[in-house]
Amino acid sequence: MNDSVIGKEELVKRCEEVARDAVQGGYFLNPDTDFTKNLVRGLMVNEQRYGYPACPCRIASGKREQDLDIICPCDYRDTDLEEFGACYCALYVSGEITRGEKTVGPIPERRPPRSMRKTVSKAPSGNVPLTVSLPVWRCRVCGYLCARESPPLVCPICKVAQDRFERFL
Amino acid sequence: MIEMTHIDGEDKGKVVLYALSTCGWCAKTKELLAELGVEHSYVYVDLLEPDEIEEALTEVERYNPSGSFPTLVINDSRVIVGFREQEIREALS
Ligand code: SF4
């Protein structure tokens, strides 16, 4: 596989977009701008390579349905932010880290190993104790819930695509 | 056999780094190896051909069941997963 080339201007633009989305969503980017820029470049490289911005710090399969959980922002971002103060790549960090009150350490991989991965469920995730008139869908990235025939094309909260939703009820 | 890039340096045993070309922690690990000046081999698994990726992943999983990067293997036995700077420094000092 050949490495892709990302233009300087393109990269600057994408960094600005990622930063703007982060602020709008209440997230913080790693204040180490060189580090952050390299990760954004990695996202762009993966987008060219696979057709979607797979996590730069994980190996993508090239099949979107197998990589849904690691399309940035990944399913694991918020849990890692809470527990370790940073996402696995340390692109997103906590307020404490942005303010320099804490430093980022290595973050263990939360994604299950290949042999234990499940595909996103289109059936309700648990026992459903009540009957609902419409299916309830949950965004796996931000937890947004909505009751409608199918999930929205784009999550109105965190802007991820429809295939990041799972059936909740 | 997966082809690795060899970097000359001080002999501290067999040092092999499995990395991804897009990953920030892998880059930091690679820089640290350069700073320490140790002889090592590395491979960017994401840049390999599909069948080689499979082979490399199986190899990484043997040392590190989560199959994550960076995975640093010293003398086929000591495995350091992630950019654990202190641990790497101590192991290669
Ligand atoms: S760990 Fe998740 S949120 Fe962080 S850069 Fe990788 S995909 Fe994005």
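Just so you know, these numbers use all the heavy atoms, side chains as well, and skip hydrogens, waters and symmetry mates. Just so it is clear: chains get the letters A, B, ... in the order the sequence lines come, proteins before strands, and each one is counted from 1. On a predicted model such as this, the values are computed, not experimentally measured, just so you know.
- With hydrophobic clusters built from ILVMFWY side chains whose heavy atoms lie under 4.5 angstrom apart, A:Phe84 shares a cluster with B:Ile80.
- For B:Phe83, the part sitting under 4.5 Å from any heavy atom of chain A is the backbone (N, CA, C, O) and nothing else.
- For chain A, the nearby part of B:Glu61 is the side chain; its heavy atoms alone come within less than 4.5 Å.
- Of the inter-residue distances, the one linking B:Leu20 atom CG with A:Asn46 atom CG reads 8.5 Å to the nearest 0.5 angstrom.
- Sequence neighbours left out, the pairs with a member in residues 50-63 of chain A that pass salt bridge (Lys or Arg N to Asp or Glu O under 4.0 Å) are A:Arg58-A:Glu109.
- For the side chain to side chain donor-acceptor pair (under 3.5 Å) test, residues two or more places apart in sequence or in another chain that qualify with B:Glu85 are B:Arg89.
- Of the atoms belonging to A:Asp32, it is side-chain heavy atoms, and not backbone ones, that fall under 4.5 Å from chain B.
- A:Ile59 and B:Asp46 get closest at one heavy-atom pair: CD1-CA, 3.8 Å.
- When each of A:Pro108, A:Cys57, A:Ser115, A:Pro113 is scored by its heavy-atom pairs under 4.5 Å with chain B, the top score falls to A:Cys57.
- Residues of residues 2-19 of chain B never come within less than 4.5 angstrom of chain A, heavy atom to heavy atom.
- Both A:Met44 and A:Leu91 are assigned to one and the same hydrophobic cluster, defined by single-linkage of ILVMFWY side chains at heavy-atom distances under 4.5 Å.
- For residues 24-44 of chain B, the interface with chain A (any heavy-atom pair closer than 4.5 Å) comprises B:Gly24, B:Trp25, B:Lys28, sorted by residue number.
- By the criterion of side-chain heavy atoms lying less than 4.5 angstrom apart, applied directly or through intervening Ile, Leu, Val, Met, Phe, Trp or Tyr residues, A:Phe165 is not grouped with A:Val154; the two fall into different hydrophobic clusters.
- For NZ of A:Lys37, the number of neighbouring non-hydrogen atoms (other residues, nucleotides, ligands) closer than 6.0 Å is 12 at most.
- Using a distance-only test at 3.5 Å, with no hydrogens or angles considered, no donor-acceptor pair links the side chain of B:Thr22 to the main chain of A:Gly42.
- Both A:Leu43 and A:Tyr92 belong to a common hydrophobic cluster when Ile, Leu, Val, Met, Phe, Trp and Tyr are linked at side-chain heavy-atom distances under 4.5 angstrom.
- Hydrophobic clustering keeps A:Tyr144 apart from A:Tyr76 (ILVMFWY residues linked when any side-chain heavy atoms are closer than 4.5 Å, directly or through intermediates).
- Taking CZ of A:Arg111 as the reference point, atom OG of B:Ser66 lies at 11.0 Å (rounded to 0.5 Å).
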